There are 2 protein chains.
Amino acid sequence: MDTETEKLKQARDEFVAQWGALGTQWGINRTMAQIHALLMTAPESLTTDEVMEELEISRGNAHSNIKELVAWGLIRSVVKKGERREFFEAEKDVWQIFTIVARERKRREIDPALAILNRCAEESEGIATPEGKAFHAQMRSLEDFVSFASKMSDRISLMKHGFALQMAAKLLG
Amino acid sequence: MDTETEKLKQARDEFVAQWGALGTQWGINRTMAQIHALLMTAPESLTTDEVMEELEISRGNAHSNIKELVAWGLIRSVVKKGERREFFEAEKDVWQIFTIVARERKRREIDPALAILNRCAEESEGIATPEGKAFHAQMRSLEDFVSFASKMSDRISLMKHGFALQMAAKLLG
DNA sequence: CTGATTTTTCAGTATTTACTGAAAACCGTG
DNA sequence: CACGGTTTTCAGTAAATACTGAAAAATCAG
């Protein structure tokens with residue numbers, strides 16, 4: 001193996017390892033983030049066995065995290081003619097990745113928060129004591145804000161990359 | 001205790017419990033989120049002992065999570081004349097809460113990602129093989145996007161609530 | 001239908017993260 | 001500067017989360 005290929009391998013390995021560590025901070029498990037990094041930087045689609053070997057993880061672990069990534073839409077399975085096993089490749093478009101992650105986070109973080117706030121606001125609706133009114137007002141203001149953030153997130157995700165960028169340029173400029 | 005006060009207590013307890021559960025999804029530990037919820041909806045500032053009692057947690061746990069919340073800026077300690085112990089109260093302004101959480105997430109999630117991407121982009125700078133070029137390009141495009149997101153986040157956090165809202169209204173309209 | 005290959009499941013185990021409780025350090029007051 | 005109240009630390013333990021490996025189920029070619 002020549003020096004250049006060696007250097008690339010090193011850089012890629014580092015990326016996979018570090019991206020995995022970062023995943024933890026993002027509330028994504030290490031392995032899932034590593035597989036994602038591996039596939040994002042793979043020239044060709046990979047099989048489960050290749051993923052297992054590359055990351056030195058068990059079949060069960062590889063399998064479940066691959067499934068999870070497919071469920072998210074961050075990777076997809078591809079069929080190769082004459083091949084019985086599944087191959088996987090990653091979505092590489094950054095805007096696409098961003099919208100997928102945003103959608104997933106909204107589902108896990110924003111939507112449940114909204115549900116709680118709405119319920120607590122309802123439950124405290126008619127309470128006439130000063131404390132009751134204060135609590136209700138607080139729930140409503142949180143609800144309003146989170147609901148607003150939720151709508152914004154949806155709206156931005158639906159944009160085309162170019163349009164969002166343009167929008168943002170105005171905001172930054 | 002009359003019915004109204006009882007109902008309020010129930011609603012508030014539910015909020016604290018649920019917000020705690022939600023915290024987990026947000027990568028914040030349960031107790032920290034519960035203490036935050038408790039203080040956000042407290043009519044008066046509370047002592048460590050009151051937090052311990054209300055949430056039925058140990059002193060050590062209460063202490064360290066209160067400290068963490070203070071470090072984030074989501075709660076602050078207040079001194080009461082004639083009182084030796086510390087009291088704590090929560091930041092209640094939603095925009096303020098939002099910017100604090102955004103800042104913290106940026107620190108934990110965006111900044112490290114940028115560091116990794118930058119490093120891997122540098123390391124793969126001069127590699128002339130097609131794979132090397134592809135890898136480098138991928139790192140750069142991820143870096144560009146994350147760096148852009150980082151700047152956006154900063155910019156929005158610096159806005160006044162009203163201005164951000166106005167901006168967003170245009171976007172949503 | 002059979003046998004080989006591939007995928008899926010899951011009980012058991014390991015690792016990571018959070019919490020307890022008690023002891024130590026700190027701090028203001030008399 | 002000694003004492004009681006208060007805060008801080010941290011070793012040990014509990015709980016949550018992730019991973020392994022082997023067995024079961026599914027899939028497919030002949």
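So you know, we letter chains A, B, ... as the sequences are listed, proteins then strands, and number each from 1. Remember, predicted model here, so these are calculated numbers, not experimental data.
Checking the phosphate oxygens (OP1, OP2) of D:dT7, no side-chain nitrogen or oxygen of B:H63 falls inside 4.0 Å.
Residue side chain B:R84 reaches the base of D:dG5 through a donor-acceptor N/O pair under 3.5 Å, judged by distance alone.
A salt bridge links B:R119 and B:E123; the closest N-O separation between the charged side-chain nitrogens and carboxylate oxygens is under 4.0 Å.
Protein atom CG of A:D49 is 7 Å distant from nucleotide atom P of C:dT7, rounded to whole Å. Rounded to a whole Å, the CD1 atom of B:I35 is 13 Å from the P atom of C:dA18. As rounded to whole Å, 12 Å separates atom C1' of D:dA22 from atom CE of A:M52. Following rounding to the nearest Å, A:K67 (NZ) and C:dT6 (C1') show an atom-to-atom distance of 11 Å. Straight-line distance from the CD atom of A:E68 to the P atom of C:dT8: 14 Å, rounded to whole Å. Per the geometry, CD belonging to B:E83 stands 19 Å off P belonging to D:dG4, to the nearest Å. Between A:K80 atom NZ and C:dT6 atom P the separation is 14 Å, expressed in whole Å. The CZ atom of B:R59 sits 12 Å away from the P atom of C:dA22 (whole-angstrom rounding).
A side-chain contact (heavy atoms from CB on, under 4.5 Å) with A:D49 holds for exactly one of A:V51, A:T47, A:L46; it is A:T47.
Between the side chains of A:K151 and A:S147, at least one donor-acceptor pair of N or O atoms lies under 3.5 Å. For B:E86 and B:S77, the side-chain atoms include at least one donor-acceptor pair closer than 3.5 Å. Checked by atom type, the side-chain pair A:D2/A:T5 shows a donor-acceptor distance below 3.5 Å.
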Atom pairs under 3.5 Å, N or O on each side, protein against nucleotides 14-19 of chain D: can you list them with distances?
from   : atom 1 : to    : atom 2 : distance (Å)
D:dC19 : OP1    : A:T31 : OG1    : 2.4
D:dC19 : OP2    : A:T31 : OG1    : 3.3
D:dC19 : OP2    : A:N61 : OD1    : 3.3

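There is no path of hydrophobic side-chain contacts, each under 4.5 Å, that joins A:F87 to A:L55.
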